[in-house]
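Residue numbers begin at 1 in each chain, while the letters A, B, ... track the order of the sequences.
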Protein chains: 2
Amino acid sequence: MSEVVKTDRRILRTKQAITTAFLELFAKKDFEQITINEIADRANVNRGTVYLHFSDKYELLDKCMESHIQELISLCQSQDTGPIQPGVIRDPKPFFDYVQEHYAFLSALFSNQRAFVFRDRLLHYIASSLTAKLERPDRAIDKEVNAQFMASAFIGVVEWWIRHQMPHSTKYMADQVHHLFSHSQGSPPADTRN
Amino acid sequence: MSEVVKTDRRILRTKQAITTAFLELFAKKDFEQITINEIADRANVNRGTVYLHFSDKYELLDKCMESHIQELISLCQSQDTGPIQPGVIRDPKPFFDYVQEHYAFLSALFSNQRAFVFRDRLLHYIASSLTAKLERPDRAIDKEVNAQFMASAFIGVVEWWIRHQMPHSTKYMADQVHHLFSHSQGSPPADTRN
DNA sequence: CCGAAATCGTCCCATAAACAACAAAACCCT
DNA sequence: AGGGTTTTGTTGTTTATGGGACGATTTCGG
């Protein structure tokens, strides 16, 4: 049916080179200080070529965030089989592992104004995914509110972990999240209804 | 004077991609099993493009060895200042560090027939460099033989270290070499003259 | 041993990217 | 402020590479 036109390999390589170069720079210096010249130079790419794929460095950053978000989302989805246990994310360890692996970029991201985009997009996905899956026998508690509550909690923990330079192992964090989730699952904060 | 025509960036990137892809494959599977298809695929490069730069995988391997040899040689030369102490290589640690850094390739190389080229080229450089520098008050001992002796010893130790999966730290190895050299410096094997 | 599949080496043509030059902004430094 | 430098977008031309196809080996399974 829909013809899958596979993109030119040069495009893939070039995009990859530019992205990698940008990520390396982003991890080490302030975003605003980064110039297109620098990126092109490091990527071994002509400056014009950068403009061929990205309108400016802001879009470049957006694309990077987007790809990380997609990666994290598919990481969550890969576990979406069988009955849900203590949240959408049955085992949060792969999630933490991924964050740890891309720590350089993510920590830099969270010291940037634009991090909120990243945070919000991820939060939104997890929340809506939770809303669909959650089963609330308790009629007094709004399903969506609960989802938002849990999603925010999870993202909050991840963000804290990043901002504090990963003070614990991914295993430890995963266990913590697991415990926290299974405890709060049936008992959200008492005063939520006010 | 001589115009330095800097090569097209695409060439640099492509060569780099091909080389890296090859190195990764070489580190993980038998050289003879590696196909041009595989290399091109992994490098995200058209198969024809590989032939544009390398006549075959043998030349590709040669070029890789060559670059490592050049790197190691320049590593030695960077220390070539002042009077020689216990050999050409005053501090062998950088040498071991480099080997450790490229262990994946080098260990694969030494389980390959073609490793002898690498070994010989490096040995030859060190030996001839030693010959030029060595000062032998003892007329009974041939300068060149001595150089060969020391160079072989050094390369032999390095090779052993690689083949035994780097059982000691680079620091430890460097110290060992240092001690061995300063001891053997004036006293080569007793029966060399026969 | 044979036939299918994979790899090889080489070609042509289309095109992504390099290069160079440009004016306009943005950034400095004093 | 203001002159010199760097960065920015954008443009034309040239070139290296991609895609695809070719017959000739080579590899491999039955």
Examine [N]: is either OP1 or OP2 under 4.0 Å from a nitrogen or oxygen in the side chain of [X]? Give yes or no.
X: A:R47; N: C:dA20; value: no
X: B:N37; N: C:dT7; value: yes
X: A:R9; N: D:dG19; value: yes
X: B:R10; N: C:dC19; value: no
X: B:H53; N: D:dT17; value: yes

Rounded to whole Å, how long is the line connecting atom [atom1] of [X] with atom [atom2] of [N]?
X: B:K15; N: D:dT17; atom1: NZ; atom2: P; answer: 9 Å
X: B:D8; N: C:dA16; atom1: CG; atom2: P; answer: 16 Å
X: B:L52; N: C:dC8; atom1: CG; atom2: P; answer: 16 Å
X: B:N46; N: C:dG9; atom1: CG; atom2: C1'; answer: 12 Å

Hey, could you give me the CG/OH distance between A:L109 and A:Y103, rounded to the nearest 0.5 Å? 12.0 Å
Examine A:F54 together with A:F22 and report whether their ring centres are nearer than 6.0 Å. no
A side-chain contact here means heavy atoms from C-beta on lying under 4.5 Å apart; do B:D41 and B:R47 qualify? no
Restricting to non-hydrogen atoms, name the atom on A:H53 and the atom on A:K63 that form the minimum distance, rounded to 0.1 Å. O-NZ, 4.2 Å
